[in-house]
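Computed from heavy atoms alone, side chains included, the values below leave out hydrogens, waters and symmetry copies. For reference, positions follow the sequence shown, starting with 1. First listed ligand is number 1; within each ligand, the first listed atom is number 1.
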Amino acid sequence: MGTLDPATRYKLLVNTITPRPIAWVLSEDGEGRRNAAPYSFFNAMGGTPPLLAIGMSADLQREGVAEKDSLANIRTKGEFAVALVSEAQAEAMNLSATDAPPEVSEFELAGLEATRASRVAAPLLVGAPVQFECRLWQFIETGPNAGIVLGEVIVTHIEDRFLGEEDGRLRIDNPAMQLVGRTYGAGEYVRNAAPLHMDRLRFDKLGRD
Ligand SMILES: Cc1cc2nc3c(=O)[nH]c(=O)nc-3n(C[C@H](O)[C@H](O)[C@H](O)COP(=O)(O)O)c2cc1C
């Protein structure tokens with residue numbers, strides 16, 4: 001990998017490690033201006049503590065190399081939120097990924113409506129099926145203006161219509177959320193439409209001596 005150019009290295013990873021969920025990162029700057037941008041180097045990292053990880057590259061689009069606005073905001077405020085992306089909001093998510101300057105709010109650009117998070121200084125998105133209010137747990141610098149954000153989930157919001165109960169246990173209707181993720185190829189996304197079912201196996205039930 002060390003002998004390859006950065007674009008080829010990147011391609012080898014993003015066209016093979018698929019599908020990837022998308023974190024729609026919601027944050028605000030020191031003056032309270034709201035920001036929204038998608039990040040698919042993203043996943044949950046554990047339940048105790050409830051952590052998620054987001055990989056943020058340097059912003060190479062702008063004059064000089066700089067941090068992306070989401071990263072700058074998260075490092076300034078130490079707080080942010082993440083919305084998961086439904087099919088209904090996919091186009092707005094895509095629009096929010098344009099290289100808008102910091103003074104242009106992606107909320108306005110993509111016609112998004114914001115509400116306030118309950119415990120952190122960040123906006124939440126009206127219409128998002130699932131959202132997480134997060135506190136920066138650790139930032140791992142991986143290069144100039146780039147790194148991995150580890151966020152601790154302080155509050156989870158799930159729209160009531162996706163929540164239920166069966167035999168006293170929490171049920172989450174994931175298919176109804178119609179979440180989208182990133183897959184191989186430029187501009188290709190996937191639906192959670194064709195899950196492959198496999199029961200979790202126990203070694204002592206495999207019938208081996
Ligand atoms: C679906 C999707 C996934 C993306 N994933 C990432 C990612 O994981 N890391 C990253 O640095 N940029 C990613 N981007 C690009 C950022 O969204 C883009 O650079 C955006 O302008 C950053 O906005 P900000 O400066 O407001 O944070 C992705 C874009 C799209 C459309």
Output side-chain donor-acceptor pairs under 3.5 Å for residues 154-163, partner residues at least two apart or in another chain, one line each.
from, atom 1, to, atom 2, distance (Å)
His157, NE2, Glu133, OE2, 2.7
Glu159, OE1, Arg161, NE, 2.7
Glu159, OE1, Arg161, NH2, 3.2

- request: Mind checking salt bridge (charged side-chain N to carboxylate O under 4.0 Å, His left out) for Arg135 and listing every partner two or more places apart, or none if nothing turns up?
  value: Glu79
- request: Taking Glu106 for its side chain and Ala97 for its backbone only, find out whether a donor-acceptor pair lies under 3.5 Å.
  value: no
Contacts table for ligand 1: protein N or O within a distance under 3.5 Å of ligand N or O, distances only.
from, atom 1, to, atom 2, distance (Å)
ligand 1, 5 (N), Ser40, N, 2.9
ligand 1, 8 (O), Ser40, N, 3.0
ligand 1, 8 (O), Phe41, N, 2.8
ligand 1, 9 (N), Gly55, O, 3.0
ligand 1, 11 (O), Ser57, N, 2.8
ligand 1, 11 (O), Ser57, OG, 3.4
ligand 1, 11 (O), Lys68, NZ, 3.0
ligand 1, 12 (N), Lys68, NZ, 2.9
ligand 1, 14 (N), Pro38, O, 3.4
ligand 1, 17 (O), Pro38, O, 2.8
ligand 1, 19 (O), Lys68, NZ, 2.8
ligand 1, 21 (O), Ala97, O, 3.1
ligand 1, 21 (O), Thr98, O, 3.4
ligand 1, 25 (O), Asp69, N, 2.8
ligand 1, 26 (O), Asn35, OD1, 3.2
ligand 1, 26 (O), Asn35, ND2, 2.9
ligand 1, 26 (O), Glu106, OE2, 3.3
ligand 1, 27 (O), Tyr39, OH, 2.7
ligand 1, 27 (O), Ser70, N, 2.9
ligand 1, 27 (O), Ser70, OG, 2.5

message: Test of understanding: clusters of I, L, V, M, F, W, Y form through side-chain heavy atoms closer than 4.5 Å, transitively. Do Val120 and Leu51 belong to the same one?
response: no
- line: CG of Asn73 to CG of Leu26, rounded to nearest 0.5 Å, is 11.0 Å
message: Using the side-chain hydrogen bond (donor to acceptor under 3.5 Å, both in side chains) criterion, which residues pair with Thr8? Sequence neighbours excluded.
response: Asp5
